[in-house]
Amino acid sequence: MIVTRFAPSPTGLLHLGHAFAAIVAHDRAKAAIGRFLVRIEDIDATRCRPEFKAAIFEDLRWLGLDWPAPVLRQSQRMAAYRAALDRLEALGLLYPCFCTRREIADEVARAAHAPHGPEGAPYPGTCRRLSAGEREAKIASNLPYALRLDVEKAARLAGPLHFEELGRGPDGETGIIAARPLLFGDIVLARKETPSAYHLAAVVDDAFQGVTLVTRGHDLFAAAHVQRLLQALLGLPAPAYAHHDLILDSQGRKFSKRDNAVTLRHLRESGVTAAQIRERLPLPETYPAPHRTAPAGPA
Ligand code: GLU
């Protein structure tokens, strides 16, 4: 049985792009007599708002989707993320990073040929090179810090990894893909103000919820490379992935949460029906089944 999910962040109203992602995940689960879950990714307390969370449920119900209760909210899962961090810490794979965004940008600008990652230049590794004494002194002076993964060390420990892709990556990749976990550099796994960050929370919760197939847009394709590494380090099962094409507006741009005209609420209030939304979206006619219907064992 496949278990898949739609995992929005309540930072704005859902738009047509979200409707597409949610319907694809829902229909894929139904086609396989599997389970469709909704997960609220609300670890960023500064950007997430309760009214957007309520709107997510309202919009998804209006689209005719159904999902089991209770819905997992990541803001309630900090103890689980803390435990995952402790495990990575015990493996000697985390280090505190005291850099401000500004310091990182300056450092990147100084490096003549900074490599480019999926989210711009990866972190230049400044705090990875601090001595134990320098670290202690900064911590003792109460400087706030994030926790970063020493990704090269982590990748060496995990060895070669692969993931299964049922959809289509941005370069047309499908099938069994060799993970390239170094893509993002030393990612942040816990922020100064929150003991978690996207990649860690997503991996921990996909495993906790028994997700066997991660359905999402191919703007998050690169994330699978580093998420696969985290699964291996944490001894978690590896789900398959189905990254779908993004729905673009008439100018060929990704929809934005800031563009009210394409929000589901606005469309509903202007008399558009859920059936018309489905007709408007290029939904697949069939859904391929994953190679494995159960998640692979821990790496
Ligand atoms: N919360 C993410 C978003 O709103 C999706 C994360 C995922 O599907 O892994 O884009």
Side-chain angles (χ1 to χ4, degrees), residues 2-26 28-29 35-49 52-53 55-57 59-60 65 67 71-77 80-81 84 118-119 163-170 179 181 183-184 187-189 191 194 196-231 234 236-248 254-259 262-264 295:
I2 71 157
V3 180
T4 192
R5 84 304 191 271
F6 174 58
S9 301
T11 55
L13 291 172
L14 298 187
H15 53 55
L16 282 173
H18 295 110
F20 183 70
I23 294 173
V24 164
H26 175 269
R28 184 186 287 285
R35 300 183 80 208
F36 165 72
L37 306 176
V38 174
R39 176 165 83 220
I40 299 293
E41 301 214 325
D42 57 352
I43 51 176
D44 184 347
T46 57
R47 295 176 57 228
C48 295
R49 301 231 298 266
F52 292 137
K53 193 184 70 160
I56 288 171
F57 297 138
D59 290 343
L60 295 181
L65 309 189
W67 59 91
V71 165
L72 186 142
R73 288 170 51 195
Q74 292 194 320
S75 55
Q76 317 275 295
R77 297 266 303 146
Y81 309 143
E119 288 172 349
F163 62 89
E164 183 182 353
E165 173 64 42
L166 296 185
R168 191 185 65 82
L183 273 181
F184 291 85
I187 49 169
V188 167
L189 291 185
R191 300 202 175 276
T194 328
S196 189
Y198 163 62
H199 294 298
L200 183 77
V203 160
V204 167
D205 288 339
D206 282 334
F208 177 68
Q209 297 188 283
V211 169
T212 62
L213 180 65
V214 170
T215 305
R216 61 186 177 201
H218 79 206
D219 52 338
L220 283 170
F221 179 83
H225 289 275
V226 69
Q227 292 182 1
R228 182 68 195 91
L229 173 64
L230 291 176
Q231 288 150 7
L234 293 169
L236 301 174
Y241 292 82
H243 292 94
H244 54 73
D245 287 348
L246 297 178
I247 303 297
L248 302 176
K254 257 168 67 170
F255 289 123
S256 150
K257 284 185 176 169
R258 288 178 295 279
D259 183 358
V262 290
T263 64
L264 299 181

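Heavy-atom basis, side chains included; hydrogens, waters and symmetry copies ignored. We count ligands from 1, going down the list as the structure has it; atoms in each ligand are counted the same way.
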query: Does ligand 1 have an atom under 4.0 Å from some heavy atom of Ser9?
result: yes

- prompt: With a 4.0 Å cut-off on heavy atoms, is Tyr198 touching ligand 1?
  reply: yes

task: Check each atom of ligand 1 against the heavy atoms of Leu220 and keep those under 4.0 Å away; list them by number with element.
output: 5 (C), 6 (C), 7 (C)

- prompt: Going by distance only, is there an N or O of Arg39 that falls short of 3.5 Å from an N or O of ligand 1?
  reply: no

message: Would you call the rings of His15 and Phe255 parallel, tilted or perpendicular, taking 30° and 60° as the class edges?
response: tilted

message: Checking a contact table here: which protein heavy atom is nearest atom 5 (C) of ligand 1, and how many Å away?
response: Ala7 O, 3.3 Å

- line: Tightest non-hydrogen contact, residues His199 and Ala223, listed as CE1-CB, 3.7 Å

message: Over 60° means perpendicular and under 30° means parallel, so tell me whether His225 and Phe221 are parallel, tilted or perpendicular.
response: perpendicular

Shortest non-hydrogen separation from Ala224 to Arg216 and the atoms involved: N-NH2, 3.6 Å

message: Under a 4.0 angstrom heavy-atom cut-off, which atoms of ligand 1 come close to Arg216?
response: 7 (C), 8 (O), 9 (O)

query: If you measure only the distance, is there a donor-acceptor pair under 3.5 Å linking the side chains of Gln74 and Tyr198?
result: no

- prompt: Are any of the N or O atoms of Glu41 closer than 3.5 Å to those of ligand 1?
  reply: yes

message: With no hydrogens and no angle check, just 3.5 Å: does a side-chain donor-acceptor pair link Tyr81 and Asp205?
response: yes

message: How far is atom 8 (O) of ligand 1 from the closest protein heavy atom, and which atom is that?
response: Arg5 NH1, 2.8 Å

